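Before any comments, here is the structure.
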Amino acid sequence: MAAALATSCLCGAAPARAQVTSEPSAVVFPDPEKFARGLYTEGEFGGLWFNGPAGSDVGVGFAVGARVGYDIFRFFALQAHLVGSTHQTQGDTAVAGQLLQMYQATVEGKLTLRLVQWSFFAEGGLGLARMSSNLLFALGIARYRTGFTAGGGGGVDYHFLSRHFSVGLRGGYYLLRDVSNSRDGMVTTYLRYTF
């Protein structure tokens, strides 16, 4: 009797319905507070050109460089910059078609404005520039192979969701004091790693 009563209750009961709710997955927004800060290194490559008297005799060159810096505050860092570039002399001179390398070493300050994964920065400093040969002396443009340089630039940086890596694009403009008051401009892209 009990078995018949239980069977009739189960058969007469309304069927159970399962409800599946689908919640959208949470979008992950990076927290800039979790990005690594402190000691960093950068590797860069791009192009470098001369303006002024040297610009008509020295062609655009390929540049490779590196930076080592330290974030003192979230908005300010000190860094050392080394860059080398290879150029070919041009024009109707006896030394046209010769290769020339230029090396620059500067100590710089950097100001940064951070907006979530993006940051915008301005930097500037001073240091030394050295030519690999005396080609510019032969052209009457430079008296010495080594001289002072000063200048700066700015750029934009994009930080990945990884707390250590970012990439960026920067431009700079430097005065070459001992190259007949010439200047050089540089545009590079870089990869940054913060320890």
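Note that the structure is a prediction, hence the values are computed from the model and not measured.
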message: Check this for me, if you would: do E42 and R170 make a salt bridge, where the nitrogen-to-carboxylate-oxygen distance has to be below 4.0 angstrom?
response: yes
- request: Show your reasoning for whether side chain to side chain donor-acceptor pair (under 3.5 Å) applies to T194 and R192.
  value: CA-CA 7 Å; T194 306; R192 171 175 166 147; 3.2 Å; yes
- request: Write out all pairs satisfying ring-ring contact (aromatic ring centres under 6.0 Å, His included) with one or both partners inside residues 125-157, taking only residues at least two apart or from two chains.
  value: none
- prompt: ring-ring contact (aromatic ring centres under 6.0 Å, His included): which pairs involve residues 70-89, sequence neighbours left out?
  reply: F50-H87, F73-F75
Would you say the side chain of [Y] lies within less than 4.5 Å of the side chain of [X], judging by non-hydrogen atoms?
| X | Y | value |
| --- | --- | --- |
| D184 | N51 | no |
| T106 | T149 | yes |
| Q98 | L100 | no |
| M102 | L176 | yes |
| V156 | F120 | yes |
| T93 | L139 | yes |
| V83 | V64 | no |
| D57 | T89 | no |

query: So if you build clusters from Ile, Leu, Val, Met, Phe, Trp, Tyr with side-chain heavy-atom gaps below 4.5 Å, do W118 and L191 land together?
result: yes
message: According to a hydrophobic-cluster definition based on side-chain heavy atoms being under 4.5 Å apart (Ile, Leu, Val, Met, Phe, Trp, Tyr only), do I141 and Y103 belong together?
response: no
- prompt: Rounded to the nearest 0.5 Å, how far does CG of L128 lie from CG of D178?
  reply: 10.0 Å
query: If you measure from CG on L175 to CG on L126, what distance do you get to the nearest 0.5 Å?
result: 11.0 Å
task: Apply side chain to side chain donor-acceptor pair (under 3.5 Å) to R183 and list each qualifying residue two or more places apart in sequence or on a separate chain.
output: Y173
query: Between Y158 and Q117, does any side-chain donor sit less than 3.5 Å from a side-chain acceptor?
result: yes
Please determine whether the number of non-hydrogen atoms from other residues, nucleotides or ligands lying under 6.0 Å from atom [atom1] of [X] exceeds 12.
| X | atom1 | value |
| --- | --- | --- |
| R143 | CZ | no |
| R130 | CZ | yes |
| F45 | CZ | no |

Steps toward salt bridge (Lys or Arg N to Asp or Glu O under 4.0 Å) verdict (E123, R67): CA-CA 12 Å; E123 59 196 1; R67 276 184 173 81; 3.4 Å; yes
message: Could you check, using the six-membered ring where one of them is a Trp, whether Y193 and F165 have ring centers closer than 6.0 angstrom?
response: yes
